[in-house]
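Remarks on the structure that follows.
The basis for the numbers below is simple: all heavy atoms, side chains too, and nothing from hydrogens, waters or symmetry mates. Protein chains get the first letters and strands the later ones, always in sequence-line order, with residue 1 at the start of each.
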Amino acid sequence: MPELPEVETVVRSLKSLKNKKIVRIKYYSEKVAYNFQISKINKILKGRTFKSISRKGKYIIFNLKEKYLICHLRMTGYLYLSKTLPIKKNHIRCIFLLDDNQFLIFGDIRKFGGFYLYNNLNELNSKIGIDPFNIMFTESWLENNLSTKKRMIKHLLLDQKFICGLGNIYIDEILWKTQVSPKTLSHSITSSKNLYNSILSILNDSIKFHGTTIMNFKFGMGLGIMKTKIISKQYLI
DNA sequence: CCCGATGTTCGATT
DNA sequence: AAATCGAACATCGG
């Protein structure tokens, strides 16, 4: 479900985690840990304080002083803060108890989402490409990097190692707005300036609408604004 | 009831 | 280098 605007919305809704301390963590699924043993999570994270909450592409980054906890929502993951425990917990995968008695709750219907644990951001940074909101992402960056590749533009934009954060829905919107066919080969695109502007304007507009896509996207306790965007299905693959 | 599709990513294979 | 496929999993709709 979530692409960059949804993930950005989640990150903003979690900003109040800053300076909160982890009391303990309870997990309900072994699968929530991608690159470490979930049984060690308390030993590693208990007592740590959230220094900052940010994101790169679709990855949510919790800076926990010397440790980075990275969350990816994949298709159906969700993450929210709550003063109470969920009533139905069949999709709940992991709960963090915080020192202000709030809970950080991670749920995921399809169990694709989960957490990475790193000592620094080197691995994440080498795994994925530039974020569209990075200061280095410019018109000329895009023009140069399109010209050196010979791939269908939709597939290229889908590639997180190229630009991170874009997915099926927003790429469709972006290409429609630019009036570029998704099958256009990247090196033959003459309107890279327009494409660049479309990427940023679609993402910015979508973040303003709380990152709502085709489906109703919920955030917080599910009480968030839910709108349905009109999308250009012509380009969906 | 069964089959196919669903916003993501990864790895193997051509 | 680029494209294709299948897998991870659960749910929903035709």
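- Base pairing analysis places C:dC9 opposite nothing; no Watson-Crick or G-U wobble pair with both distances below 3.5 Å involves it.
- Across all strands, A:Y59 comes closer than 4.0 Å only to sugar-phosphate atoms, never to a base (heavy-atom distances).
- Ring to ring, A:Y118 and A:Y68 are not that close: their centroids are 6.0 angstrom or more apart.
- A straight line from NZ of A:K58 to P of B:dG7 spans 11 Å, rounded to a whole angstrom.
- Contact check, A:H91 against C:dT11: a side-chain N or O comes under 4.0 Å of OP1 or OP2.
- For the P atom pair drawn from B:dG4 and C:dC5, the interatomic distance equals 15 Å after rounding to whole Å.
- B:dG7 sits 15 Å from C:dG13 when the P atoms are compared, rounded to a whole Å.
- Between A:K31 and A:D108, none of the side-chain N atoms (NZ, or NE/NH1/NH2) sits under 4.0 Å from a carboxylate O, so this pair counts as no salt bridge.
- For the pair A:L158 CG and B:dT8 P, the computed distance is 7 Å after rounding to whole Å.
- If you measure from atom NZ of A:K150 to atom P of C:dA1, you get 14 Å, rounded to the nearest angstrom.
- Inspection of the A:N168 and A:K154 side chains reveals an N or O donor paired with an N or O acceptor under 3.5 Å.
- Taking the nucleotide of DNA chain C with the nearest heavy atom to each of A:N90 and A:K31, the more 5' of the two is matched to A:K31.
- Atoms CD1 (A:I153) and C1' (C:dA2) sit 14 Å apart, rounded to a whole Å.
- Note: NE2 (A:H155) to P (B:dC10) measures 18 Å, nearest angstrom.
- Both A:R110 and A:K161 sit near DNA chain B, but only A:R110 has its closest nucleotide nearer the 5' end.
- Pairing partner, B:dG7: none, since no Watson-Crick or wobble contact has both distances short of 3.5 Å.
- A:Y170 and A:E6 are linked by a side-chain donor-acceptor pair at a separation below 3.5 angstrom, with hydrogens and angles left out of the test.
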